[in-house]
Novice: 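Just dropping this structure here.
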Amino acid sequence: MKHWLIVTTIVIAMAVLVPAMGASQELDILIRNGLVVDGTGNPAIRMDIGIDGDTIVAMGPLRGARGTRTIDASGLYVVPGFIDVHSHADRALTSDHVEARRGTSLVHQGITTVLGGPDGRNAAWPLGAEYAAYEEAGISMNVVPMVGHNTVRREVMGDDYEREATTEEVARMKELVRQGMEDGAWGLFAGLEYRPGRFSSPAEVLELASVVAEYDGFYIAHQRSEAAMPLSLLPSMLDGWPVDGLQALEETIEIARQTGIRVVASHMKARGRSSFGRSAHDVLVVKRARAEGLQVYLDVYPYETFGGGPRPMIPRWCLVDDGVDTSGGRDAPIYEQEGIFDRARENLMRRWHEPETRRLIARDIAWIVDHNGGADRVVVVDYPEASFNGKTLAELARERGETHQEVVVHMALHGYEDVLGGAWTRGYGIHELDIENYIREDFTATGSDAAVSGVEGVEGFEGGPGSHPRHFGAFVRKIARYVKERQVITLPFAVRSSTGLPAQIVGLKDRGLLREGFKADVVIFDLDALQDNSTVLEPERFSDGVEIVINNGLFAVDGGKPTGFLRGQIIKRPGGGSQ
């Protein structure tokens with residue numbers, strides 16, 4: 001009994017003395033009285049956080065500590081910096097334009113770290129060249145480098161990639177993957193619905209993923225399909241049974257099964273009206289794989305619309321001259337040739353009045369519209385006749401007494417001459433039920449699929465009507481929509497999916513959580529005020545509620561205003577490259 005009393009007395013004394021130890025502590029930044037959600041999924045705890053340099057050095061009731069900058073976070077939530085596992089920020093972060101590098105549309109959401117090599121495409125190759133581009137003028141977010149499958153495939157096969165690779169070519173690709181891992185990459189990023197990766201065999205991808213396994217790396221993929229058939233196909237082009245979204249998911253899982261590595265089905269979605277509800281099956285398949293002990297994850301962005309910018313609903317093949325080879329699919333390089341659409345309206349008019357060709361055009365339009373959510377979910381966002389704007393194809397069809405295919409053809413014939421299809425439209429091709437089914441799972445991380453947007457005068461970053469709202473709002477919307485409004489998930493669960501879980505997937509040991517010894521990547525927000533404001537018609541609107549973003553111990557957002565921070569780091573895999 002005496003022994004128990006002595007131990008208890010010592011424990012109580014230590015508990016009293018620990019805060020006192022911080023009484024004279026001098027800190028660069030002292031955050032007081034915040035509601036700390038640490039990224040583990042645990043509930044909020046009111047406490048103080050002390051930062052020295054780029055590191056969290058103290059957490060708890062730091063009663064007597066002093067900071068060069070003291071932040072009163074009373075009533076505010078303090079969480080780890082958000083980690084975006086599917087970001088297209090790399091093109092901006094290697095740009096010559098300083099405003100693009102600042103990445104304000106992303107930083108303002110609380111994003112402090114992004115993955116490179118999105119959809120398997122590196123901003124530069126080899127990785128040393130990509131690092132040099134990042135370092136040249138500074139970057140606004142930390143970057144986790146990845147090896148892009150599309151990059152190494154093109155490096156080896158050049159333009160002769162519309163086939164399966166030979167054994168020798170796969171061996172050369174494996175050496176490039178190994179080189180990238182040695183240079184500090186964390187894994188392999190694939191974009192199997194895009195060129196040139198879509199011509200690869202599952203065996204090729206598995207071989208490359210086996211190299212990543214040697215380094216305890218991971219695999220993440222935009223899969224071969226997210227719908228009833230891949231993006232590159234239309235009904236008029238079908239030759240055999242197409243790969244659907246479920247088969248694509250099973251391919252990703254098989255990589256985990258064969259290699260033992262962590263795998264991520266990226267920006268997971270049941271895309272297109274014909275796929276609505278498929279999330280239930282996807283979740284069952286992932287749970288079954290995880291029950292085997294496989295490390296299978298998803299990432300999801302919180303929107304019912306997909307694709308970076310607005311898009312037309314007209315098939316390209318019906319706009320080009322006779323004799324043009326369009327057998328390469330909707331993404332065929334032929335469509336990038338100058339002058340290929342010079343007679344688009346003339347060609348469309350002629351073909352639309354040929355009964356058999358009209359039937360094919362109408363069928364393909366019906367598929368494109370279905371793929372984008374259906375006529376009642378495809379909205380015209382920019383057309384010269386203002387009365388069309390903001391209306392769905394279904395509404396316009398009723399008003400005009402036409403089919404929605406006839407509306408699409410009308411816009412192509414009478415709309416903007418310099419816009420393919422005459423009009424910009426955006427479809428809501430993902431059902432919210434599917435989003436909710438995915439994000440409820442503890443294996444689902446947050447990914448934005450967003451690029452830097454709203455940078456005037458920089459090609460590729462202009463934004464404008466019809467641009468995806470994720471560029472300005474994805475991480476805020478995850479909480480505003482699905483924690484506050486829909487109450488599908490809790491705040492600690494949402495924070496973990498954007499911080500601790502992605503860090504776990506990547507293998508980051510000192511980011512993603514608020515803990516002593518971890519890097520000082522911190523977001524402070526007002527939960528009551530937290531709201532995404534970006535919409536399809538007004539995409540370049542910043543969110544409300546994010547008050548402070550600290551990256552590596554420095555302020556990237558202060559008082560709700562971006563600071564122009566360009567001190568992000570390249571986070572190389574331990575043991576890879578010069579550290």
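Note that the numbering runs from 1 along the sequence shown for the chain. Just so we're clear, the structure is a prediction, and the values are computed from it rather than from any experiment.
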Novice: Is a donor on one side and an acceptor on the other found under 3.5 Å between the side chain of Asp526 and the backbone of Gly545?
Specialist: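 Not at all, since once roles are kept as given, no pair shorter than 3.5 Å links the two residues.
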Novice: For the backbone of Gly277 and the side chain of Asp434, can you confirm whether one donor and one acceptor N or O come within less than 3.5 Å of each other?
Specialist: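 Between the backbone of Gly277 and the side chain of Asp434 there is a qualifying donor-acceptor contact (under 3.5 Å).
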Novice: Do Glu441 and Tyr297 pass the side-chain contact (heavy atoms from CB on, under 4.5 Å) test, and can you show the C-alpha distance, the side-chain angles, and the key distance before you say yes or no?
Specialist: CA-CA 10 Å; Glu441 302 301 329; Tyr297 300 90; over 6 Å; no
Novice: Would you say the side-chain atoms of Arg101 pair up with the backbone N or O of Tyr134, donor to acceptor, closer than 3.5 Å?
Specialist: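 The answer is yes, because a donor-acceptor pair under 3.5 Å joins these two groups.
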Novice: Is any NZ, NE, NH1 or NH2 atom of the basic residue among Arg273 and Asp376 found under 4.0 Å from an Asp or Glu carboxylate oxygen of the other?
Specialist: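 Asp376 and Arg273: salt-bridged.
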Novice: Is the number of heavy atoms from other residues, nucleotides or ligands within 6.0 Å of CD (Glu164) greater than 12?
Specialist: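 Count not over threshold, so no.
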Novice: Within a 6.0 Å radius of atom CZ on Arg440, are there more than 12 heavy atoms belonging to other residues, nucleotides or ligands?
Specialist: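 It does: Arg440 CZ has more than 12 such atoms within range.
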Novice: Under a plain distance cut-off of 3.5 Å, with no hydrogens placed, do Ser87 and Ser448 share a side-chain donor-acceptor pair?
Specialist: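 On atom types as modelled, these side chains do not qualify, holding no pair under 3.5 Å.
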Novice: Between Arg278 and Lys269 (side chain of the first, backbone of the second, donor and acceptor by atom type, cut-off under 3.5 Å), is there such a pair?
Specialist: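 Pair found, side chain donor or acceptor close to backbone of Lys269.
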Novice: Hey, is Glu207 close enough to Arg153 for a salt bridge, meaning N to O under 4.0 Å?
Specialist: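 No, Glu207 and Arg153 are not salt-bridged.
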Novice: Check the angle between the aromatic planes of Tyr301 and His267 and answer parallel, tilted or perpendicular using the 30° and 60° thresholds.
Specialist: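 Aromatic pair Tyr301/His267 classed perpendicular.
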Novice: Tell me if the NZ atom of Lys509 is crowded by more than 12 foreign heavy atoms within 6.0 Å.
Specialist: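 Not buried by this count: 12 neighbours or fewer within 6.0 Å.
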Novice: Sorted by first residue and then second, give each salt bridge (charged side-chain N to carboxylate O under 4.0 Å, His left out) pair with at least one member in residues 228-250; sequence neighbours left out.
Specialist: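 Not a single pair qualifies under salt bridge (charged side-chain N to carboxylate O under 4.0 Å, His left out).
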Novice: When you measure from the side chain of Gln295 to the backbone of Val264, do you find a donor-acceptor pair of N or O atoms at a distance under 3.5 Å?
Specialist: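 Judged by distance alone, no pair lies under 3.5 Å.
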Novice: Restricting to side-chain hydrogen bond (donor to acceptor under 3.5 Å, both in side chains), what partner residues turn up for Tyr161, sequence neighbours left out?
Specialist: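 Applying side-chain hydrogen bond (donor to acceptor under 3.5 Å, both in side chains) to Tyr161 gives Arg195.
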Novice: Look at the side chain of Arg290 and the backbone N and O of Val296, then say whether any donor-acceptor pair between them is shorter than 3.5 Å.
Specialist: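 Yes, because the side chain of Arg290 sits within donor-acceptor range (under 3.5 Å) of the backbone of Val296.
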Novice: What do the steps show when you test Leu93 against Ser140 for side-chain contact (heavy atoms from CB on, under 4.5 Å), and what is the final call?
Specialist: CA-CA 7 Å; Leu93 298 182; Ser140 55; 3.6 Å; yes
Novice: Once rounded to the nearest 0.5 Å, what's the spacing between atom OG1 of Thr113 and atom CZ of Phe82?
Specialist: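 Those atoms lie 12.0 Å apart.
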Novice: Donor-acceptor check, side chain of Thr305 to backbone of Gly427, threshold 3.5 angstrom: yes or no?
Specialist: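 Yes, the answer is positive, given that a donor and an acceptor are paired below the 3.5 Å cut-off.
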Novice: Under the 3.5 angstrom rule, does the side chain of Ser105 hit a backbone N or O of Ser453 as a donor-acceptor pair?
Specialist: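 The answer is yes, because a donor-acceptor pair under 3.5 Å joins these two groups.
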Novice: Establish, yes or no, whether a centroid distance under 6.0 Å links the rings of Phe306 and His371.
Specialist: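 Centroid separation for Phe306 and His371: below 6.0 Å.
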Novice: Where is the tightest heavy-atom contact between Val452 and Ala92, given as atom of each residue plus distance?
Specialist: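 Here Val452 and Ala92 meet closest at CG2-CB, 3.4 Å.
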